[in-house]
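Structure record follows, encoded as structure tokens.
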Amino acid sequence: MLKTNFGKLLVYAPADSDSRKRLKSVEMAAEKTAKLLNLGFETVKFRKSLSPIYVYYENGDGEPIPLYCDKGKTSDLQEICATLRKMMFVLSFHPRHSALKKLRGAIMRLS
């Protein structure tokens, strides 16, 4: 069975221990969204501490696109999931991300 590549969600997070609680909810939301939409998922840690956690969409062509930023604050899992779905839905209309157009129905069902 051939698996279609719709891209992946990347979570960029500081490696410090102060952001663990924030990271957990963002990672869970991004991973849940990725699974439901058949996307890949990856967490990338960087050394800079006390910085926001970001979620990007990457389809392999060009620059990753920012979908979410926690702004250094802890957010509710459902709120993060809703934000990711909304951003993915909007992105599905962009001609450069035609693979997401096929996922538009699944994104709407999740909302």
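Bear in mind that the values here come from a model prediction, so they are computed numbers and not experimental data.
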I'd like to know if V26 and M28 are part of one continuous hydrophobic network [Ile/Leu/Val/Met/Phe/Trp/Tyr, side-chain heavy atoms within less than 4.5 Å]. no
Is there a path of hydrophobic side-chain contacts, each under 4.5 Å between heavy atoms of I/L/V/M/F/W/Y residues, joining V90 to L100? no
How long is the gap from [atom1] on [X] to [atom2] on [Y], to the nearest 0.5 Å?
X	Y	atom1	atom2	answer
L9	T33	CG	OG1	6.5 Å
L67	L10	CG	CG	9.5 Å
L39	E58	CG	CD	11.5 Å
S25	I80	OG	CD1	4.0 Å
N59	I65	CG	CD1	6.5 Å
E31	L36	CD	CG	10.5 Å

Could you check if a side-chain atom of [X] sits within less than 4.5 angstrom of a side-chain atom of [Y], using non-hydrogen atoms only?
X	Y	result
Y57	M88	yes
E27	F41	yes
V55	L84	yes
P14	K45	no
E42	K8	yes

T43-Y12 side chain donor-acceptor pair, cut-off 3.5 Å: no
Could you label the plane-to-plane angle of the Y54 and Y56 rings as parallel, tilted or perpendicular, counting under 30° as parallel and over 60° as perpendicular? tilted
Nearest non-hydrogen partners of R22 and S51, listed with the distance: NH2-O, 3.4 Å
Sub-3.5 Å donor-acceptor pair from the side chain of D70 to the main-chain atoms of I53, do we have one? yes
